[in-house]
Peer 1: 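I'd like to ask you about the structure that follows.
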Amino acid sequence: MDGAAASRRRFLQAGIAGGAALATAGAARAAGDPVITEVQDWNRYLGDGVDAAPYGMPSEFESHVVRRDVPWLTADPVSSINFTPLHELDGIITPNGLCFERHHGGTAIIDPADHRLMINGLVDTPLVFTMQDLMRFPRENRVYFLECAANSGMEWRGAQLNGCQFTHGMVHCVVYTGVPLKYLLEEAGVKTTGKWVLAEGADAAAMTRSIPIEKALDDCLVAFKMNGEALRAEQGYPVRLVVPGWEGNMWVKWLRRLEVGDEPWAQREETSKYTDLLANGKARRHTWLMDVKSVITTPSPQAPITHGRGQTVISGLAWSGNGRIKRVDVSLDGGRNWHEARVDGPSLSKALHRFYYDFQWDGSDMLIQSRAMDEAGFIQPTKNELRAARGENSIYHNNGIQTWHVKADGAVENVEVS
Ligand code: MTE
Ligand code: CO
């Protein structure tokens, strides 16, 4: 039997046994339960009519599901970061209002009527597009994750932040609607000497990054919609660059200019920032690709186990800048033994993948980990393997295996087992 079939069988067995136990507990509980035996307000009184909320919001009982920042991480909220509440989400799509935000100069508020996108440099015809012009090009819909290179950066030297929202929440995944960058570059006509594209934002930071022309002509999008509606202001409204599988810093928001050149520009964000200082004092640069990575989102420090032992669901996310996730394994004992997890939902290239491991918890302490493998054959390393290769100075590109310590009472803590 292959691994997937074996894991499916294990799941079905767990499901049948666990399902019977849960149903028995449920029947016993029903006797005298007031929410069943007494008529409740929501059953007695009419609710709001349509249009009480012309733009719908989540239930009031979900008000804790929000982005959060870590105030001491940055000096000022204008050049700062907040984090996606991964522990509250399921599936692979991040709701627009929960996508983490990273700005270097605050959120630019731009009326689309006043927005222009310029292409200049080594092109046959320099061009300026209005938003209306962009809408006349053929567009595509693609699901991609965006991960900041600094995601998990605080965890290089050991466990630090207590929750996957903070250790791994600089990632989101939405369906983008946009025009392939290739079409716009073709319209301008890239000269044969044009080897790089500089993308520039219209925000107060005027963020700029150099992108090799091969990537620009491959799968980059100039996107104006996320999850079907206009980009949120904080995500770059009215238009942002999508650079699939590559570090979030290159996904320039409020995109206003694309310059074609013959060499990289060595801007701030590709020299003093977003390079990786190695143990020998040299720095790696142009480390664009986001490597294969995963994290268990429940249970996790902000989402403890509250139901006691027995049937338990472990759930998490896996992703890779190389393409699809081929397999995810879960360990309950700090990496000694591994069990194949069940990936469920769409498996799309350079998108988040959702995995589950369904099992009977005996109520004892666990050191839970997940380890992803991508279709290119890369396997997520332990943190010791990472540090052996890269030293202790790094911040960016930490894709090491994360460990959560689940205690007998269900509480969960961030620990390092490497
Ligand atoms: N683009 C502009 N113009 N200004 C910025 O500050 N931040 C970058 C990138 N694009 C930034 C930007 C960084 S570091 C990241 S990780 C992503 O945007 C974050 O995208 P998000 O805010 O949509 O999550
Ligand atoms: Co970033």
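Because only heavy atoms are used, hydrogens play no part in the values below, and waters and symmetry mates are left out as well, while side chains stay in. When a ligand or atom number is given, it counts from 1 through the structure's own listing order. Bear in mind that the values here come from a model prediction, so they are computed numbers and not experimental data.
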Peer 1: When the aromatic ring centroids of F224 and Y237 are compared, is their separation below 6.0 Å?
Peer 2: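 Judged by ring-centre distance (under 6.0 Å), F224 and Y237 do not meet the cut-off.
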
Peer 1: List the steps and the verdict of side-chain contact (heavy atoms from CB on, under 4.5 Å) for R209 and L198.
Peer 2: CA-CA 6 Å; R209 280 293 300 251; L198 183 78; 5.8 Å; no

Peer 1: If you measure from the Lys or Arg side-chain nitrogens to the Asp or Glu carboxylate oxygens, is any gap between E416 and R387 under 4.0 Å?
Peer 2: yes

Peer 1: Taking the six-membered ring for Trp and the full ring for Phe, Tyr or His, determine whether the centres of H87 and W404 are under 6.0 Å apart.
Peer 2: no

Peer 1: Evaluate side-chain contact (heavy atoms from CB on, under 4.5 Å) for I305 paired with T312, printing each intermediate quantity in order.
Peer 2: CA-CA 8 Å; I305 301 180; T312 300; 4.1 Å; yes

Peer 1: Give the residues near ligand 1 by chain and number, with the criterion being a heavy-atom distance under 4.0 Å.
Peer 2: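 Contacts of ligand 1 under 4.0 Å: F100, E101, R102, H103, H104, L146, C148, H172, G201, D203, M207, E234, Q235, R240, G248, N249, W251, V252, K253, W254, Y274.
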
Peer 1: In plain terms, say whether R354 and D90 are close enough for a salt bridge, that is, a side-chain N and a carboxylate O under 4.0 Å apart.
Peer 2: yes

